[in-house]
Amino acid sequence: MNEKFLKPYNPTETEDNIYKEWIDSGYFNPDNLPERHKTPYSIVLPPPNVTGTLHMGHAAMLAIEDILIRYKRLRGYKTLWIPGTDHAAIATQSKVEKEIEKKEGKRRHDIGREELLNRINIFAQQSHDTIVGQVKKMGASIDWSREAFTLDEKRTKAVRTAFKMMYDLGLIYRGNRIINWDPKGQTTISDDEIVYTERPTKIYTFKYSKDFPISIATTRPETKVGDTAVAVHPEDARYMAYIGKTFEVDFAGVILKIKVVGDIAVDPAYGTGAVGVTPAHSSIDADIASRHGLQSIQVINEFAKMMPNTGIVKDLKVLEAREKIVEWLKENNLLEKEEESLQNISTAERTGAVIEPLPKLQWFIAVNKKFKKGDREVTLKELMISAVKDEKIKIVPERFDKTYFNWIDNLRDWCISRQIWYGHRIPVWYKNNGKTDEIFVGTDAPEGLEWKQDEDTLDTWFSSGLWTFSTLGWPEKTKDLEEYHPNAVLETGYDILFFWVARMILMTECLLDTIPFKTIYLHGLVRTAKGEKMSKSKPETNIDPLDMIKKYGADATRLSLIIGNGPGNDLKISEDKVKGYKHFANKIWNITRFVLTSVENEKIEKDFSKYSIKDIELIKEIDGIISEITNDIENFRLYLAAEKLYHYTWHRFADIILEESKEILKSGSDEEKKSRKQFLLHTLSTLLITLHPFIPYVTEEIWKDMPIENRGMLIIAQWPIK
RNA sequence: GCGCGAUUAGCUCAGUUGGUAGAGCAACCCAUUUACACUGGGAAGGUCGCAGGUUCAAGUCCUGCAUCGCGCACCA
């Protein structure tokens, strides 16, 4: 027996070596797998943002995906797992901007586009290297030869091709619409990048002027200088007489022309039953305005300040303007009521700034527009729905179907242009011939110096939406694309179901006429032992995966993230839990020590069949367990499979079977001894194979000393059934 | 407002088609060069959130409620 078994198992001494051996073997790359690996099985790594380091959530994701990949590899599939990182446009740029401002006191425009992009690229490269190191530490059996980045050359080609195709289909359009403006980040953001926070607010009920016949209520009096109408329900007896009339009022130094319109969107029972319509600063009001042909007057600018056309509040910040308007209303006896209330306020996910709805010319993807697909007409929304409804794509756990459909029901056109510099520049060029504007959309710049490219960049989710196929070489017709698309599984957190998963379905259906993956496996969020979200602002609550790996090993870290956690459920993790599984790695180590010592020079005989009656019973038992856990893994019950293996290994195989073996090996007949030795070797080897997806390092290290002919590496051993 | 989830031992959670409640960790008692103290054995611990219903039988199915968490919408 190898002397290494005389000491306790030491993960830090072992793991890096083993990882290197795997890399050297080439088996992470499906092209190098032995002949029997025929059927493709592919997963693409949800690319971590290059904004820093990986956290426990990423560790859980890596563990789950590596388990699936290793399991399938052992079962003889041609497994491909593609790594990559995400440039994460806004997130990365704002992070670097913040640092520069802190250190040098400079803002983005002080530095300039080119220099800022330089700095961001340097930062992104560093983050990338850190992330790659962390992914390796977790033991991920991922194909580094196919690594991708959402902003690299190949992906840029994919992005531009996708943009062009969707533009030609009429699905990408440029329009002047009310968008969500982030005054701090100085950019547009999509509906999904908004975070709602509940804050106390005041509702003011007032009249524009003494002789205006209808009272209205608002939480934002400062926007009222941009009102062009009052909307009432068309059948509201109180106001019907006024519908169609226009009133001119002097409101806080601004002359407003307020038309009374009848619109069924107004709930007569709510508030005063009348709504002041501000078409430039509310998308609902903009809808009303478009139905009645009302004028839109912008009164707030990109810096959340009042514009020059706003009378007594001009140039004030929004909140100051609000106070001043309320004061003015009081002075003029127009304020009727002031009530305390709670309001869901929209803030930008990245900067925390309060969102200012503004009218702006932006690029959108039309989700409700019919377009030709083969011989039928469909909308992107319909495609997204049918992919899941017709069970072409299965979501695990199933309950997220409802969440998915609910989101699609409420989906509006997706605003894809951003006023930031880091990202895919919009592949659109403009030329002004003095009179008319010409526009060019394409994958490369048009000839001629007079063409100017759009200043904006694309929402980062536009490029990640292409991820399952852009990583396989699309738009080229590659062999990879043919073989590995659609992916078998997409594994990711439920928190990006809308951001990412839904958009991949949208993009793939639209551009490739197929689904991006067959199964969506959603994992939960990793929380602290107290159930709080781990956050950078509270480092003491954070558990760093690298730290855990250093102290307890990657195998223990992986198990702690798997056991006790079903799909879609949040997971509470504590250091104690990780520690507990370190003991397990050592337990197998010692089991091996015992088995190898006890069997002396016995080797595994491939077709050994002369088992004793007692050992036949034991073999039936382990066979039953293997078929159960195989079934569990196939159905994504990884937590159950891991737990069952853990339990059998420790409390059945070690505690009971090894104990009784001592007696048999001491005083049994020669046949009984031989049978038991073979049983121990066979079972240990079976356990190593089946445990390998969960705890790859220690099992691979032990495997080296198993007395098996033509052993090979454990990573490509054969799963015990089929 | 609509929807989702959770509620089971001190803690974290299993309990897959209904058949006498399970695991890990912690705590308690015993054992001490035993393959392994990163150990073994033992005992203790739960009216399965509450109230109804279906059933021979409900932690599991149905209805209602409560508490906590989450998503979406509304937000005049």
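Letters A, B, ... mirror the listed sequences (proteins, then strands); counts begin at 1.
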Name the pairing partner of [N], where a pair is Watson-Crick or G-U wobble with both distances under 3.5 Å, or state none.
N	answer
A57(B)	none
U16(B)	none
C36(B)	none
C68(B)	G5(B)
C28(B)	G42(B)
A51(B)	U63(B)

With heavy atoms under 4.0 Å as the rule, sort [X] into base, sugar-phosphate or nothing.
X	answer
V266(A)	base
N344(A)	base
N565(A)	nothing
I345(A)	nothing
F400(A)	nothing
K662(A)	base
G276(A)	nothing
T272(A)	nothing
K402(A)	sugar-phosphate
D267(A)	base
L596(A)	nothing
T597(A)	nothing
A654(A)	base
A585(A)	nothing

Separation between the [atom1] atoms of [N] and [M], rounded to whole Å:
N	M	atom1	value
G18(B)	A9(B)	P	24 Å
A26(B)	C72(B)	P	39 Å
G45(B)	A21(B)	P	15 Å
C61(B)	A14(B)	P	15 Å
G64(B)	A76(B)	C1'	35 Å
G24(B)	C70(B)	P	32 Å
C29(B)	A43(B)	C1'	7 Å
G41(B)	U8(B)	P	29 Å

Q | Option passing salt bridge (Lys or Arg N to Asp or Glu O under 4.0 Å) with R652(A) (candidates E621(A), E660(A), E659(A)) | A | E621(A)
Q) Going by the angle between their ring planes, with limits at 30° and 60°, are F206(A) and Y208(A) parallel, tilted or perpendicular? A) perpendicular
Q: Kindly assign one of parallel, tilted or perpendicular to the pair W589(A) and F5(A), based on the angle between their ring planes and the thresholds 30° and 60°.
A: tilted
(Q) Quick check with a 6.0 Å cut-off and a 45 degree axis cone: is K389(A) positioned over the face of F405(A)'s six-membered ring? (A) yes
If we ignore angles and hydrogens, is there a donor and acceptor under 3.5 Å between the side chains of [X] and [Y]?
X	Y	value
T14(A)	E701(A)	no
T228(A)	Q295(A)	no
Y9(A)	N590(A)	no
E634(A)	T630(A)	no

Interatomic distance, [X] [atom1] vs [N] [atom2] [rounded to whole Å]:
X	N	atom1	atom2	value
D401(A)	G5(B)	CG	P	11 Å
L497(A)	C70(B)	CG	C1'	13 Å
I656(A)	G41(B)	CD1	P	7 Å
N410(A)	G1(B)	CG	C1'	12 Å
L411(A)	G71(B)	CG	C1'	15 Å
Y196(A)	G1(B)	OH	C1'	15 Å
I178(A)	C75(B)	CD1	P	14 Å
L559(A)	A23(B)	CG	C1'	14 Å

Distance below 4.0 Å between [X] side-chain N/O and [N] OP1 or OP2:
X	N	answer
W650(A)	A23(B)	no
H651(A)	G24(B)	yes
Y639(A)	G15(B)	yes
N569(A)	A14(B)	yes
R399(A)	C4(B)	no
K572(A)	C13(B)	yes
T219(A)	A76(B)	yes

Among [options], which is the nearest nucleotide to the side chain of [X]?
X	options	value
Q343(A)	C75(B), C72(B), C36(B)	C75(B)
E643(A)	G24(B), C36(B), A23(B)	A23(B)
H647(A)	C36(B), G41(B), G24(B)	G24(B)
H583(A)	A76(B), A14(B), U39(B)	U39(B)

Q) Which sits closer to the 5' end of RNA chain B, F584(A) or I591(A), going by the nucleotide each is nearest to? A)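 Result of the comparison: I591(A).
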Q. Taking the nucleotide of RNA chain B with the closest heavy atom to each, which residue, F5(A) or R220(A), is nearer the 5' end?
A. F5(A)
Q) For the rings on Y646(A) and Y581(A), is their centre-to-centre separation under 6.0 Å? A)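 Centroid distance Y646(A)-Y581(A): below 6.0 Å, so yes.
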(Q) Check for me whether the distance between the ring centres of F400(A) and Y404(A) falls short of 6.0 Å. (A)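 That pair fails the under 6.0 Å test.
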**Q.** Side chain K587(A) and base C36(B) donor-acceptor under 3.5 Å
**A.** yes
